[in-house]
Protein chains: 2
Amino acid sequence: MGDVYKAVADETRRIILDELLERDEQTLFELCTRLTMKHGLSSTRQAVSQHLEVLEDAGLVHSERRGRYKIHTIDTRPLAQIADRWPVRPPREDIP
Amino acid sequence: MGDVYKAVADETRRIILDELLERDEQTLFELCTRLTMKHGLSSTRQAVSQHLEVLEDAGLVHSERRGRYKIHTIDTRPLAQIADRWPVRPPREDIP
DNA sequence: TTGACAGGCAAGTGACTACTTGCCTACGGT
DNA sequence: ACCGTAGGCAAGTAGTCACTTGCCTGTCAA
């Protein structure tokens with residue numbers, strides 16, 4: 001099982017998650033097209049494919065083959081461990 | 001301003017955050033000692049110092065000089081943007 | 001004031017990582 | 001059957017990152 005933290009450490013992978021959150025169940029080519037069109041990224045197909053592999057290892061994306069297409073589905077649940085590990089609250093204020 | 005995602009991408013930095021969450025306001029040497037004793041990490045002082053710098057750039061740690069000591073305080077608030085960006089909910093289930 | 005302690009600065013190194021390039025496999029339509 | 005499309009499989013490369021090493025600065029106690 002891959003590292004969720006390392007998965008979201010890359011900005012391109014974060015944009016892929018954004019894109020899948022906005023429109024779930026996209027193929028590799030759809031994602032490539034949208035990354036170049038909407039986000040101005042000039043990533044090759046292989047680059048995006050490798051990013052999706054990392055996201056899949058982290059459990060953030062699931063994939064399913066349909067004919068000659070590979071459909072990618074987002075799963076944000078692994079991100080919950082981040083919020084669970086360090087509860088968000090204001091820092092200690094030192095008032096002398 | 002540094003990258004919060006890159007800051008938590010490293011396991012040592014995550015352990016530092018754990019340690020600061022359990023006991024806030026530690027010096028560099030205290031953190032070094034606890035990392036080696038409690039977590040079995042053999043990090044040098046400079047390594048931990050550089051990690052703290054990354055965490056500070058990301059806004060996750062604030063530091064304050066007191067005499068010859070440097071006190072480190074945790075601030076988990078920058079982590080909220082992760083939960084905000086991708087709301088955690090179950091993935092789409094395909095029931096044919 | 002001198003030595004010990006807490007920390008900083010900066011260059012160098014090895015490992016990892018994002019990305020590319022080139023070629024190959026599989027499925028579908030005509 | 002054949003061509004085009006969607007995707008996979010490496011190997012190679014350039015850049016980043018974690019970590020070390022060596023030396024320097026500042027602070028407190030005796």
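A note on names: the letters A, B, ... follow the listed sequences, proteins ahead of strands, and every chain is numbered from 1.
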message = Quick check on D:dC19: is either OP1 or OP2 less than 4.0 Å from any side-chain nitrogen or oxygen of B:His51?
response = yes

ask   = Would you say C:dA26 has OP1 or OP2 under 4.0 Å from some side-chain N or O of A:Lys70?
value = no

note = Closest of D:dA11, C:dG7, C:dA10 to the B:Gln50 side chain is C:dA10

task = Among the candidates D:dG8, D:dA18, C:dG7, find the nucleotide nearest to the side-chain atoms of B:Arg13.
result =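 Nearest to the side chain of B:Arg13 among the choices is D:dA18.
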
To the nearest Å, how far apart are [X] [atom1] and [N] [atom2]?
X: A:Arg14; N: C:dA18; atom1: CZ; atom2: C1'; result: 14 Å
X: A:Asp3; N: C:dA18; atom1: CG; atom2: P; result: 12 Å
X: B:Leu28; N: C:dC9; atom1: CG; atom2: P; result: 12 Å
X: A:Phe29; N: D:dG4; atom1: CZ; atom2: P; result: 15 Å
X: B:Glu53; N: D:dC19; atom1: CD; atom2: C1'; result: 14 Å
X: B:Leu52; N: D:dC19; atom1: CG; atom2: P; result: 12 Å
X: B:Asp10; N: C:dT17; atom1: CG; atom2: C1'; result: 14 Å
X: B:Leu55; N: D:dA18; atom1: CG; atom2: P; result: 10 Å

With sequence neighbours excluded, tell me which residues meet side-chain contact (heavy atoms from CB on, under 4.5 Å) with [X].
X: A:Val54; value: A:Ala7, A:Arg13
X: A:Thr44; value: A:Gln46, A:Ala47
X: A:Arg68; value: none
X: A:Ala80; value: A:Asp84, B:Val88

inquiry  = Minimum heavy-atom separation for B:Asp3 and A:Ala9, please, with both atom names.
reply    =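 So the minimum-distance heavy-atom pair works out to OD2-O, 4.4 Å.
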
task = Of all the heavy-atom pairs spanning A:Val8 and B:Tyr5, show the shortest one and how long it is.
result = O-CB, 3.4 Å

Side-chain donor/acceptor of B:Thr76 to backbone N/O of A:Arg89, under 3.5 Å =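 Yes, the answer is positive, given that a donor and an acceptor are paired below the 3.5 Å cut-off.
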
ask   = Who else is in the cluster with A:Tyr69 when I, L, V, M, F, W and Y are joined by side-chain contacts under 4.5 Å?
value = A:Ile71

inquiry  = With each end axis built from five pairs of C1' atoms, what bend angle do you get for the helix from C:dT1-D:dA30 to C:dA26-D:dT5? Round to 10°.
reply    = 30°

Listed partners of A:Asp75 passing salt bridge (charged side-chain N to carboxylate O under 4.0 Å, His left out), at least two apart =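 Scan of A:Asp75 (salt bridge (charged side-chain N to carboxylate O under 4.0 Å, His left out), adjacent residues dropped) gives A:Arg77.
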
ask   = What pairs of residues pass the side chain to side chain donor-acceptor pair (under 3.5 Å) test when at least one of them lies in residues 52-61 of chain A, not counting sequence neighbours?
value =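 Checked against side chain to side chain donor-acceptor pair (under 3.5 Å) - neighbours excluded - the pairs reaching residues 52-61 of chain A are A:Glu56-A:Ser63.
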
message = Filter on side chain to side chain donor-acceptor pair (under 3.5 Å), then keep only pairs touching residues 28-40 of chain A, sequence neighbours left out; what's left?
response = A:Glu19-A:Lys38, A:Glu19-A:His39, A:Glu22-A:Lys38, A:Gln26-A:Arg34, A:Thr27-A:Glu30

ask   = Looking at residues at least two apart in the chain, or sitting in another chain, which of them share a side-chain hydrogen bond (donor to acceptor under 3.5 Å, both in side chains) with B:Arg85?
value =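 B:Arg85 satisfies side-chain hydrogen bond (donor to acceptor under 3.5 Å, both in side chains) with A:Asp18 only.
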
message = Heavy atoms within less than 4.0 Å of DNA chain C: which residues of residues 41-48 of chain B have one? Give them sorted by number.
response = B:Arg45, B:Gln46

ask   = What string of B, S and - do you get for nucleotides 24-30 of chain D, 5' to 3', if B is base contact, S is sugar-phosphate-only contact and - is no contact with any protein heavy atom under 4.0 Å?
value = ---BS--

